[in-house]
Enquirer: 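Please see the structure below; I have some questions.
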Amino acid sequence: MSIINHLYLKDAKPTDIPHLLLWDTPNDLEINQLLFNNNAQQISYRDNLLGRIKKKQKFLMLHENLDQELEAIKQICEYATKPVILLTDLDILITYLYTQPDSPISLFWKQLEYMRHLQSILWILLPSKLSPPNWNKRHLESVVSDGPN
């Protein structure tokens with residue numbers, strides 16, 4: 001857990017763009033420590049998505065509504081109660097996009113990387129296997145766990 005005590009999410013520059021936190025084996029204790037140390041709020045993309053689904057909606061078609069999903073990420077930052085957001089479960093959307101024929105994943109990564117004017121510092125927690133190939137390394141941190149959980 002010592003690496004978590006030296007990870008300063010609130011120092012991310014610039015503060016109005018998405019940053020990636022690549023971490024393969026996070027546990028609740030480490031995440032809670034990271035949140036506490038950085039005055040951060042954890043928000044689940046999955047929970048946010050479930051809250052946006054309309055009861056009569058039969059299919060999610062997320063790959064056809066990338067702009068809507070990116071806007072939802074902006075709104076998460078806008079309505080946050082803390083200055084730093086740790087967005088979890090976005091791997092659900094990314095994995096979904098990879099499974100689609102003619103996957104729009106490259107477009108998604110490009111639009112996410114160039115998203116600007118976020119109201120909170122946004123860190124997106126992802127497993128390292130889902131790291132985008134050309135993401136700016138200055139906006140990316142990797143956590144290597146001390147050992148097996």
Enquirer: Kindly compute the distance separating CG (Leu49) from OH (Tyr96), expressed to the nearest 0.5 Å.
Expert: 10.5 Å

Enquirer: Evaluate the side-chain contact (heavy atoms from CB on, under 4.5 Å) criterion for residues Leu140 and Asn136: first the C-alpha distance (whole Å), next the side-chain angles of each, then the deciding distance (0.1 Å), finally the verdict.
Expert: CA-CA 7 Å; Leu140 185 141; Asn136 187 327; over 6 Å; no

Enquirer: For Asn32, is there any backbone N or O sitting under 3.5 Å from a side-chain donor or acceptor partner on Asn37?
Expert: no

Enquirer: What I want to check is whether the side chains of Gln119 and Tyr79 have a donor and an acceptor closer together than 3.5 Å.
Expert: no

Enquirer: Atom CZ of Arg46 and atom OG1 of Thr88: how far apart are they, to the nearest 0.5 Å?
Expert: 9.0 Å

Enquirer: Could you go step by step and tell me if Leu22 and Leu130 meet the side-chain contact (heavy atoms from CB on, under 4.5 Å) rule?
Expert: CA-CA 9 Å; Leu22 304 179; Leu130 292 181; over 6 Å; no

Enquirer: Between Pro18 and Ile124, what is the shortest heavy-atom contact and its length?
Expert: CB-CD1, 4.2 Å

Enquirer: Does the side chain of Ile4 reach to within under 4.5 Å of the side chain of Trp23, using non-hydrogen atoms?
Expert: yes

Enquirer: Taking the side chain as every heavy atom from C-beta outward, state whether Leu35 and Ile31 have any pair of such atoms under 4.5 Å apart.
Expert: yes

Enquirer: If you count every heavy atom of other residues, nucleotides or ligands that lies below 6.0 Å from Arg138 atom CZ, does the total exceed 12?
Expert: no

Enquirer: Applying side-chain contact (heavy atoms from CB on, under 4.5 Å), run through Leu93 and Phe108 and close with a yes or a no.
Expert: CA-CA 10 Å; Leu93 173 61; Phe108 172 78; 3.8 Å; yes

Enquirer: Are any non-hydrogen side-chain atoms of Asn27 and Glu30 less than 4.5 angstrom apart?
Expert: yes

Enquirer: Taking all non-hydrogen atoms of both residues into account, name the closest pair between Lys82 and Gln41 and its distance.
Expert: N-OE1, 3.3 Å

Enquirer: Count the heavy atoms belonging to other residues, nucleotides or ligands that lie under 6.0 Å from CG of Asp11, then report whether that count exceeds 12.
Expert: yes

Enquirer: So for atom NZ, which belongs to Lys129, do other residues, nucleotides or ligands contribute more than 12 heavy atoms lying within a distance under 6.0 Å?
Expert: no

Enquirer: Is the shortest heavy-atom distance from the side chain of Val84 to the side chain of Asn39 under 4.5 Å?
Expert: no

Enquirer: Decide, yes or no, whether a salt bridge links Lys74 with Glu69 under the criterion of side-chain N to carboxylate O below 4.0 Å.
Expert: no

Enquirer: Has the side chain of Thr95 got a donor or acceptor atom that lies under 3.5 Å from a matching backbone atom of Ile92?
Expert: no

Enquirer: Say you draw a straight line from CG of Leu122 to CG of Leu87; how long is it, rounded to the nearest 0.5 Å?
Expert: 6.0 Å

Enquirer: Would you give the length of the straight line joining atom CG of Leu118 to atom CD of Glu78, rounded to the nearest 0.5 angstrom?
Expert: 10.0 Å

Enquirer: Asp24 side chain to Pro127 main-chain N or O, any donor-acceptor pair under 3.5 Å?
Expert: no

Enquirer: Nearest 0.5 Å, what's the CD1-CG distance between Ile43 and Leu86?
Expert: 9.5 Å

Enquirer: With a 4.5 Å cut-off on side-chain heavy atoms, are Leu21 and Leu126 touching?
Expert: no

Enquirer: Backbone N or O of Ser44 within a donor-acceptor pair of the Asn48 side chain at under 3.5 Å?
Expert: no

Enquirer: Just so I know, are the side chains of Trp123 and Leu20 near enough to count as touching, which here means a heavy-atom distance under 4.5 Å?
Expert: no

Enquirer: If I compare all heavy atoms of Met115 with all of Ile73, which pair ends up nearest, and what's the gap?
Expert: SD-CG2, 4.3 Å

Enquirer: Could you tell me which non-hydrogen atom of Gln111 sits nearest to which non-hydrogen atom of Leu70, and how far apart they are?
Expert: OE1-CD1, 3.1 Å

Enquirer: Could you walk me through whether Tyr45 and Ile94 pass side-chain contact (heavy atoms from CB on, under 4.5 Å), step by step?
Expert: CA-CA 11 Å; Tyr45 170 80; Ile94 294 166; over 6 Å; no

Enquirer: Is any side-chain heavy atom of Asp47 less than 4.5 Å from a side-chain heavy atom of Asp89?
Expert: no

Enquirer: Tell me the closest heavy-atom pair linking Ala12 and Ile121, and the distance in Å.
Expert: CB-CG2, 3.9 Å

Enquirer: Considering non-hydrogen atoms only, spot the tightest contact between Ser120 and Cys77 and give its length.
Expert: OG-O, 2.9 Å

Enquirer: Can you confirm whether Ile17 sits close enough to His139 that some side-chain heavy atom of one is under 4.5 Å from a side-chain heavy atom of the other?
Expert: yes

